[in-house]
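This report concerns only the one structure given below.
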Number of protein chains: 2
Amino acid sequence: MTQKPPHKVALVGLGKIAKDQHVPSITKSAAFEVGAIVSRSATGQDVPVYETLDAMLTGEPDIKVVSLCVPPQVRFDMARQALSHKRDVLLEKPPGASVAEVHALERLARENGCVLYATWHSRHAMGVAGAKAWLASRKPVSARITWREDVRHWHPGQAWIWEAGGLGVFDPGINALSIMTEILPAPVHVSSADLTFPENRDTPIAAAIRFSGADGLTVDADFDWRQTGTQTWEIEVVTDQGTILLSGGGATVTIEGKEVSSDEALASEYDGIYAHFADLLASRTSDVDLTPLVHVADAFMLGKRLQTEAFFD
Amino acid sequence: MTQKPPHKVALVGLGKIAKDQHVPSITKSAAFEVGAIVSRSATGQDVPVYETLDAMLTGEPDIKVVSLCVPPQVRFDMARQALSHKRDVLLEKPPGASVAEVHALERLARENGCVLYATWHSRHAMGVAGAKAWLASRKPVSARITWREDVRHWHPGQAWIWEAGGLGVFDPGINALSIMTEILPAPVHVSSADLTFPENRDTPIAAAIRFSGADGLTVDADFDWRQTGTQTWEIEVVTDQGTILLSGGGATVTIEGKEVSSDEALASEYDGIYAHFADLLASRTSDVDLTPLVHVADAFMLGKRLQTEAFFD
């Protein structure tokens, strides 16, 4: 437990993810408190609200930490602005609309002595650390990722996910990739992909991706945004010494058919994010792992494009 | 001039680029000689020819250097095989079909104490070093890249460039990006792109890409594979202190309208590549700059997809 006063955080973008996740986790954390909000639509807040990031940076010299919860297409300019004002910055996932822009932010953070944290919330799911430890002493032979959800339920009316740069089904899919890259003991790369675009949209609604690694390791990922009813977020890894299944988005671990860990009622991935962020701020260390975004960019670069019927919200 | 015996090189893939560029440059170089060829179709060679890389690696233990001139889709497995056999490896551009696979190769080269060289031949064009030096003390305000050529002339019957992973018009366009990333004094990133795909092909025939950098810098790139007649390979950078134009693919430099350098009759970009490779081998240093490929992957990830009429060779 920290004895220091909490870090004041400016929360930028008060959309669904900020309200559902960041605010509750910051409120629970002894290391942080919400110091200001940047939003053009927030009302009824008990902290100062600014319409622009620039106004907040000028008006709140004592707020040293900025959490960016805006869509990836506008994240770069805001991150750049905050880092230029020597603020520490937390980036929601994905950390940017391009890989190169995040490299540029890393460089700027280093030059300005700031902490930059590219978060991957799914890595903080209950089962991930245990799965990583279990896999560390084993040799994966094959893996299967099934990430199927209902876009209408999870992204109601979010136009930006369908616009070029919004990633489409890779917006949830990158959560799976953030877990995969965390738990697999050796790197893999995209070797082929089929991306299915609705004829009226600029981002895919489904994707089938084949990854390859050393010694014949293959990983097949099935991302689909058209699944109604039960939602599926599973990663299964077959190794030379047994099979492990992460289900519920990483919350539950099953080894050789036996459940070894389960979701605790109040656990939150974002509590894990802010706990890690507090450690990074204490040690003045950045954490920017771009591997999940590189896999997405690779899938777009070398994937086959297929077309399907138009999608309407 | 080296006094040591030349490095014996195994040339893998005896296609157009190997015959037109690698063989002549290796033949001219005092530091290298062709020691073997891996090809399923080579005839009439005066060095041993192997049908597979594996056979060459086993059959020629004294050949320590491998130049991979095969298409990017099959380069990874061959590079991995050569590095696993402790050979130093030169990669034609682009260095792979994915960004992640080249990161994996870098790691393998490091683990095995091998030199890995991801070449970008256009960086060795006559005007590039001069342009870089001139720009180093200036502040770019905007830039324009025009890279327009006739695919039927330069890639006759090369099916792989039209297959997913073959990059399409980015195959020449990445040459422009390799120069851009070499000469600009600060990083840029793709902020938007329009990619135009023939309705019967998996890779784009044209692309318009907008890059953004710090302080309002923008770079507009126009790649097009449909240009017959005069071919255009130009990069113009407007700075706070004058304008520089690289034309002829980087061969010619014009500053404020005055030509300051021109192509020498026998200069070859590949002579520059092998001279640099000799230095890397002497110092046991790898050179793997993935920035041009990252920009291409970013353009595919956040670009808008447009469709145009079918293309036939």
If you draw a 6.0 Å radius around CD in A/E309, do more than 12 non-hydrogen atoms from other residues or ligands fall strictly inside?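 At most 12 heavy atoms, drawn from other residues, nucleotides or ligands, come within 6.0 Å of this atom.
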Side chain, backbone, both or neither: which part of B/L167 has a heavy atom under 4.5 Å from chain A?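 Side chain only.
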Heavy-atom cut-off 4.5 Å, strictly under: side chain, backbone, both or neither for B/F211 against chain A?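 Answer is neither: B/F211 stays 4.5 Å or more from chain A.
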Heavy-atom pairs under 4.5 Å with chain A: which of B/R305, B/R107, B/E101 has the most?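 Of the options given, most contacts go to B/R305.
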Out of B/V99, B/V102, B/V188, which one racks up the most heavy-atom pairs below 4.5 Å with chain A? B/V99
Which residue out of A/S98, A/A164, A/G165 racks up the most heavy-atom pairs below 4.5 Å with chain B?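 Ranked by heavy-atom pairs under 4.5 Å with chain B, first place is A/S98.
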Who wins among A/G303, A/A214, A/P72, A/S192 for the most heavy-atom pairs under 4.5 Å with chain B?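 Greatest number of close heavy-atom pairs with chain B: A/A214.
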Is there a side-chain contact between A/P187 and B/H103 (heavy atoms, below 4.5 Å)? no
Residue by residue, scan residues 289-302 of chain B and write down, ordered by number, those that have a heavy-atom distance under 4.5 Å to chain A; if none do, write 'none'. B/L293, B/V294, B/H295, B/V296, B/A297, B/D298, B/F300, B/M301, B/L302
State the OG-CZ distance between B/S212 and A/R80, to the nearest 0.5 angstrom. 11.0 Å
Please classify the contact between A/F197 and chain B as side chain, backbone, both or neither, with a heavy-atom cut-off of under 4.5 Å. side chain
